[in-house]
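Below: the structure, in structure tokens.
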Amino acid sequence: WCLSRAKTLDIIGYSFPADDLELRTLLRLTTRKPGEASLADDLELGVCNPSPDTHDRARNLLGAAVNCSYVGAGAWKPISKS
């Protein structure tokens, strides 16, 4: 319920592993409007992980509108709406 109503969501350190179907499905279902393939228009989603492969998996799962930060978790700063 909370994820589906979020306006800003930062995912820090999660690598989007292929075998974690439960969380990947939860993220996919709660970050878009029913029947739509892209992120909800009113959601800003950021992924913080130093691995480029992680960002590729995140974009493949959630769409190209994902904001990517390649810093480690210790250097993470929240994304902000403009």
Side-chain angles (χ1 to χ4, degrees):
W1 182 83
C2 291
L3 286 175
S4 66
R5 285 157 178 74
K7 301 297 180 211
T8 305
L9 179 62
D10 287 308
I11 301 170
I12 304 158
Y14 180 62
S15 64
F16 296 89
D19 62 348
D20 189 354
L21 295 177
E22 188 173 330
L23 187 52
R24 288 169 54 110
T25 300
L26 178 67
L27 287 171
R28 189 170 176 89
L29 291 174
T30 59
T31 58
R32 61 196 74 235
K33 293 190 176 170
E36 298 209 7
S38 58
L39 289 177
D41 293 337
D42 59 349
L43 173 66
E44 189 168 355
L45 190 142
V47 173
C48 176
N49 193 303
S51 170
D53 292 345
T54 292
H55 297 284
D56 289 341
R57 288 189 295 275
R59 282 189 214 97
N60 286 335
L61 178 69
L62 303 171
V66 171
N67 294 310
C68 297
S69 172
Y70 294 89
V71 300
W76 168 78
K77 303 273 190 269
I79 57 174
S80 61
K81 282 241 186 226
S82 314

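These values consider heavy atoms only, across backbone and side chains, with no hydrogens, waters or symmetry-generated copies. All residue numbers refer to positions in the sequence shown, counting from 1.
- Both L26 and V47 sit in one connected hydrophobic cluster of ILVMFWY residues. Membership requires side-chain heavy atoms under 4.5 Å apart, directly or through other members.
- Heavy-atom minimum distance, A58 versus V66: O-CG2, 4.3 Å.
- Nearest heavy atoms, L43 versus A6: CD1-O, 3.5 Å.
- Distance check, rounded to the nearest 0.5 Å: OG1 of T31 to CG of L39 gives 5.0 Å.
- In this structure, R32 and L62 have side chains that are in contact, with non-hydrogen atoms separated by less than 4.5 Å.
- The minimum heavy-atom distance between Y14 and N49, with the atom names listed, is O-ND2, 3.5 Å.
- K7 contributes atom NZ, which lies 13.5 Å from atom CG of L45 (distance to the nearest 0.5 angstrom).
- Cluster annotation: L3 and L29 are assigned to distinct hydrophobic clusters (Ile/Leu/Val/Met/Phe/Trp/Tyr, side-chain heavy-atom contacts under 4.5 Å, transitive).
- In terms of heavy atoms, Y70 sits closest to H55 at CE2-CD2, 3.0 Å.
- Panel note: side chain R28, backbone L61; a donor-acceptor pair is recorded below 3.5 Å.
- Rounding to the nearest 0.5 Å gives a distance of 8.5 Å between OG1 of T25 and CG of D20.
- Interatomic distance, CG of N67 versus SG of C48, reported as 12.0 Å (0.5 Å rounding).
- Taking OG1 from T30 and CG from L9, the interatomic distance works out to 7.5 Å, rounded to the nearest 0.5 Å.
- Side-chain atoms of N60 and R57, non-hydrogen and from C-beta on, never get closer than 4.5 Å to each other.
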